[in-house]
Amino acid sequence: MANQLTRGAIAEIIEGGTPEAPVLQILSMKRIPSGTQERHRLLVSDGQWSSSFAMLATQLNGKVASGEISQNCIIQMNRFVCNTVQDNKKVLIILDLTVLQTGADVGQRIGDPQPFDITKKNAAPPAQPSKPAYQAPSVQRNTPNVAASPARSQSGQSIHPIASLTPYQNKWTIRARVTNKSDVRTWSNSKGEGKLFSVEFLDESGEIRATGFNQELDKFFDMLEVNKVYYVSSCSLKTANKQYSKLNNDYEMTFNKMTEIELCEEDDAVPTMQFSFLPIKEVGNADKDAIIDIIGVCKEFQDVTTITTKATGRELRKREIQIVDDSNTEVTMTLWGTTAETFDGSQQPIMAFKGVRVGDFNGKNLSMLNSSSLQINPDIKEAHHLKGWFDNGGNQVEMTSISNQRGAGGMGVGTNFKTFAEAKLENLGTKDAPDYYTVKASVVLLRKENCLYTACPSDNCNKKVIDMNNGLFRCEKCNREYDSFNWRLMLSGNLADATDNNWVTCFQDQAEALLGIKAQDLGSMREADPDNFNKVFNDATFKDFTMKLRVKMETYNDESRLKTTAVVIEPLDPVTYNKRLITEIKQMAQLS
DNA sequence: CCCCCCCC
């Protein structure tokens, strides 16, 4: 069996050689915990040497998931590149392989391979890897050695892997898929002004960002479409500024006057964008600022609004949408710019996001970045699965939202349901920012004394006024006197659910909703009709409500206490309430 | 030649 393996192939590759279709055994494999992209590192053996320098190209991840690639299996490497990384270490990336024998069939390590160490290798002094003289030692990746005969483009030139591009060669053509494309952006600074866009290209060896300015934007912006494959040649290459680019490439390209781009119709061989989707439910546990991939159904969407940035005063268009998945969880996602403006959610599309950022404003939310990409109704298995789920009952499921604030105005009672006990257990309100949650609660006790106050009648003031006892009422805030006032409510009530109770402050709108009467009417009633005044409070007591609460630690006179304020109060809708309980029971049943 | 990633 041992003679199946290509003895010495590992040494040959490490020394810069490109043996033809070498056969190796995978001794072990390890998933590397880096970023969102699943990557596998392999300990491989050629029968003589072993090394853990091998990595699987991500398009082969499926073969790991399916079990085709597993420990002890024998592989033939059809295509591979060997790069030099920091400290002159070698990394072998397997681009294409054939499993000759499964791990189960082989069942054991073949022979007695020794960990390859160039200093211990006794056969001849270490061969000098054929390293081009231009390579600075700090450069993280050398020109890869690409095995197997390169493909040819339609016009006959050979295709180069993206990973092999450097600023020092100018005759190359890549065949790559556009995985992301920016909006047109303009700039104006001391050096001048102009417009630009950028795209991201992906092939089986790697990825690279390309930028087109001014004339090149006019020439290529419309032509380049996300998900299509192109032959691209003659661009300027420069060192990528890692501060701004998250792509796994030390270089990036700029389109220039010589650049040629040509659509490639037969594009099956070029990998599509790789996602690593996180179930929406898991976003609830994700760290703030985490960059993740998400797929979901757009269940609801709000209108486009305009905001002004604090820093530069720039106006931005944004749209919030709610996406759900089969973890029965909903999250709010913010779209920006053209994506926000052109978005059509009316058909409840499936949306696959790559590289969106987790935020923690009022619960968890997601936001697209300029580096994020979005595919609507993509032809991938996760999208088909979600479509099937949504159309077959998923659309009826009551979702748990991990974003407290619904829509631009934050209206609505929200869906971040918790009991009082859960809110306490989770220490809501003890951080810097207030927490919001929604509770179903009954009124136990209302403090009707001092729940009304005389307020300034001018618009948007509402400050308490002082009765001058001469028919005039003075507002200190407006610094003037009025001949009338408005009754306003600040009602303190004890509310309870099955788990605990809580004192909650209800201001005007919320108190009116709870009592079922306008503050003005209640105020008039207090002196004129005390019986009915008391009846209002008696009637409200023991009623059930759904309410969105805000919890925040407040400090008075060096004493800190949690303050709970009602943000929205609605009468309990028994149908919606029961639906939610049924969903929760089903979820509990699934968990057990 | 850009390099902002935003707002409640």
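Atoms considered below: every heavy atom in the structure, side chains included; atoms not considered: hydrogens, waters and symmetry mates. In what follows, chains are A, B, ... by sequence order, proteins preceding strands, each numbered from 1.
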Quiz prompt | Separation of B/dC5 P from A/Leu374 CG (nearest whole Å) | solution = 21 Å

Quiz item: How long is the line joining CG of A/Asp303 and P of B/dC8, in whole Å?
Solution: 19 Å

Quiz item: How would you list, by chain and number, every residue that makes a side-chain hydrogen bond (donor to acceptor under 3.5 Å, both in side chains) with A/Thr342, sequence neighbours excluded?
Solution: none

Quiz item: Does a donor on one side chain and an acceptor on the other come within less than 3.5 Å for A/Gln302 and A/Gln322?
Solution: yes

Exercise. Scan A/Lys238 against the nucleic acid and name what it touches under 4.0 Å (heavy atoms): base, sugar-phosphate only, or nothing.
Key: base

Exercise. Name the orientation class of the two ring planes belonging to A/Phe197 and A/Phe255 (parallel below 30°, tilted from 30 to 60°, perpendicular beyond 60°).
Key: tilted

Practice problem: Measure the spacing between CG of A/Leu549 and OH of A/Tyr436 and express it to the nearest 0.5 Å. | Solution: 11.0 Å

Exercise. Look at the side chain of A/Lys318 against the base of B/dC7 and say whether a donor-acceptor pair falls under 3.5 Å; ignore hydrogens and angles.
Key: yes

Practice problem: May I have the distance from A/Asp183 (atom CG) to B/dC5 (atom P), rounded to whole angstrom? | Solution: 16 Å

Quiz prompt | Aromatic-base stack, A/Trp187 on B/dC1, cutoff 5.5 Å, angle under 30 | solution = no

Practice problem: Describe the nucleic acid contact of A/Glu252 in one word from base, sugar-phosphate, nothing, applying a heavy-atom distance below 4.0 Å. | Solution: base

Self-check item: Residue A/Asn214, side-chain atoms from C-beta onward, closest of B/dC5, B/dC1, B/dC2
Solution: B/dC1

Quiz item: Where the side chain of A/Tyr244 is concerned, which of B/dC2, B/dC8, B/dC3 is the nearest nucleotide?
Solution: B/dC3

Self-check item: Between C1' of B/dC4 and CD of A/Glu193, the distance in whole Å
Solution: 17 Å

Quiz item: With A/Asn256, which residues qualify under side-chain hydrogen bond (donor to acceptor under 3.5 Å, both in side chains), at least two apart?
Solution: A/Ser236, A/Thr259

Quiz item: Nearest-Å distance, CE (A/Met368) to C1' (B/dC7)?
Solution: 17 Å

Quiz item: Rounded to the nearest Å, what distance is computed from the NZ atom of residue A/Lys288 to the P atom of nucleotide B/dC5?
Solution: 12 Å

Quiz item: Does A/Phe213 stack onto the base of B/dC1, taking stacking as ring centres under 5.5 Å apart and planes under 30° apart?
Solution: yes

Practice problem: Report yes or no: is there a donor-acceptor pair, N or O only, under 3.5 Å between the side chain of A/Arg314 and the base of B/dC5? | Solution: no

Quiz item: Taking CG from A/Asn189 and P from B/dC3, how many angstroms apart are they, rounded to a whole number?
Solution: 7 Å

Self-check item: Nearest-neighbour nucleotide for the A/Asn370 side chain, B/dC1, B/dC5, B/dC7 considered
Solution: B/dC5

Quiz item: Does A/Arg185 or A/Gly194 map to a spot on DNA chain B nearer the 5' end, using the closest nucleotide for each?
Solution: A/Gly194

Quiz item: Rounded to the Å, how far apart are A/Arg209 CZ and B/dC5 P?
Solution: 14 Å

Exercise. Would you classify A/Arg317 as touching base, sugar-phosphate or nothing, given that sugar-phosphate means primed atoms plus P, OP1 and OP2, and contacts are heavy atoms under 4.0 Å?
Key: nothing

